[in-house]
Amino acid sequence: MKAQQPDSELTENTKEISIISTIDISTPLGPMIAGATTEGICFLEFNDRIRLEKEFTDLKKLLNAIMKPGRNGHLDQLETELAEYFEGKRKTFSVPLHTPGNDFSRAVWESLQQIPYGTTCTYKEQADQMNNPKAIRAIASTNGRNRLAIIIPCHRVIGSNGSMTGYAGGIDKKKWLLKFERSHSEVPAGSLF
């Protein structure tokens, strides 16, 4: 007689594989690739982002997913909102997001979304805002693992001395985004850098 597998093993072995639908998007800063699950947008990155393949591998593992070219409503909404952003008409995004990660990572990414359009903050200010002033390095590292360029605006975080610190899409793109947002913002002059 064959031994039965415990229910937990059955569940683990038959866990459903999800689909990340992907599209390419043209932007003034070059091509981007976007992906979405049925829950929301799970990545938006410049095609030349450093360690892009590793990011895809990590995301597929986190979501037990495969990536396939295709569309869904979230990607359609993202494409519209991103076009509005690059026209200077959109300051915030409303497309649903799917941001897998631990509680700390999600808190860091949520804090990035609180940085107003057209402004910047330092890693120290971000840590203080999160009531975690000793976690500056962990916060900076988590900012670097943000998979949603522009939507979760990690480009708005700068060094304490005003320097353009690392940006996975490239410092040139970070500078462009900051100048672009400043030129379409009502923030008083001098507030950006």
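Nothing here was measured: the structure is a model prediction, and the numbers come from that model.
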- For the pair K68 and I20, evaluate side chain to side chain contact (heavy atoms under 4.5 Å, CB included) and give the outcome as yes or no after the intermediate values. CA-CA 6 Å; K68 292 176 58 173; I20 300 171; over 6 Å; no
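- Taking CD of Q129 as the reference point, atom NZ of K124 lies at 13.0 Å (rounded to 0.5 Å).
- Between F43 and F56, the ring planes are tilted. Angles from 30° to 60° get that label.
- No donor-acceptor pair closer than 3.5 Å links the side chain of H184 to the backbone N or O of K89.
- Of the options T80, L177, I151, a side-chain contact (heavy atoms from CB on, under 4.5 Å) to Y85 is made by L177 and by none of the others.
- Contact check for P100 versus L59: side-chain heavy atoms found under the 4.5 Å cut-off.
- The distance from atom CG of L52 to atom NZ of K54, rounded to the nearest 0.5 Å, is 12.0 Å.
- Between the side chain of S105 and the backbone N or O of G101, no donor-acceptor pair lies under 3.5 Å.
- When atom types are taken as modelled, the side chain of T99 and the backbone of R106 share no donor-acceptor pair closer than 3.5 angstrom.
- Side-chain N or O atoms of R49 include none that pairs as donor or acceptor with a backbone N or O of G169 at under 3.5 Å.
- For T57 (side chain) and E53 (main-chain N/O), a donor-acceptor pair under 3.5 Å exists by modelled atom type.
- A cation-pi contact links K173 to F46, judged by a cut-off of 6.0 Å to the six-membered ring centre and 45° from its axis.
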- Task: Check step by step if side chain to side chain contact (heavy atoms under 4.5 Å, CB included) holds for F93 and I152.
- Result: CA-CA 9 Å; F93 291 84; I152 296 182; over 6 Å; no
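- Across K174 and C154, no two heavy atoms sit closer than the pair NZ-O, 4.4 Å.
- Separating the CD1 atom in I139 from the OG atom in S141 is a distance of 10.5 Å, to the nearest 0.5 Å.
- Using cut-offs of 30° and 60° on the angle between ring planes, the pair H155 and Y167 is perpendicular.
- N143 places no side-chain N or O within 3.5 Å of a backbone atom of V108 that could act as its donor or acceptor partner.
- By the 4.5 Å heavy-atom criterion applied to side chains, N132 and F104 are counted as neighbours.
- From L178, atom CG reaches atom CE of M164 across 5.5 Å, with rounding to the nearest 0.5 Å.
- Centroid-to-centroid, the aromatic rings of Y117 and F180 stay 6.0 Å apart or farther.
- For the pair Q113 and P153, the minimum side-chain heavy-atom distance is below 4.5 Å.
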- Check the pair I150 / F86 against side chain to side chain contact (heavy atoms under 4.5 Å, CB included), numbers first and verdict last. CA-CA 10 Å; I150 302 172; F86 280 114; 3.7 Å; yes
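- For E125 (side chain) and T122 (main-chain N/O), a donor-acceptor pair under 3.5 Å exists by modelled atom type.
- E81 and Q77 share a side-chain donor-acceptor pair at under 3.5 Å.
- At a threshold of 4.0 Å, the pair D172-K175 does not count as salt-bridged, since none of the basic side-chain nitrogens sits closer than that to a carboxylate oxygen.
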- Give the C-alpha distance, both sets of side-chain angles, the deciding distance and a yes or no for salt bridge (charged side-chain N to carboxylate O under 4.0 Å, His left out) between R145 and E55. CA-CA 8 Å; R145 288 192 306 276; E55 187 174 306; over 6 Å; no
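- In terms of heavy-atom proximity, S21 sits nearest to G70 at CB-O, 3.7 Å.
- In this structure, M32 and L82 approach most closely via the heavy-atom pair SD-CD2, 4.3 Å.
- T37 places a side-chain heavy atom less than 4.5 Å from the side chain of L63.
- Taking both residues in full, the closest heavy atoms of N72 and H74 are given as OD1-N, 2.9 Å, listed atom of the first, atom of the second, then distance.
- A donor-acceptor contact shorter than 3.5 Å is absent between the side chain of N146 and the backbone of W109.
- The OG1 atom of T22 sits 12.5 Å away from atom CG of L44, with the distance rounded to the nearest 0.5 Å.
- By the 6.0 Å contact criterion, CZ on R51 is open, its count of non-hydrogen atoms from other residues, nucleotides or ligands being 12 or less.
- Between E181 and K91 there is no salt bridge, since none of the side-chain N atoms of the basic residue sits less than 4.0 Å from a carboxylate O of the acidic one.
- To the nearest 0.5 Å, the span separating CD1 on I66 from OG on S18 amounts to 8.5 Å.
- Applying the side-chain contact (heavy atoms from CB on, under 4.5 Å) test between C42 and each of H98, M67, R147 identifies H98 as the sole match.
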- side chain to side chain contact (heavy atoms under 4.5 Å, CB included) between V157 and I115, worked out: CA-CA 9 Å; V157 183; I115 305 169; 3.8 Å; yes
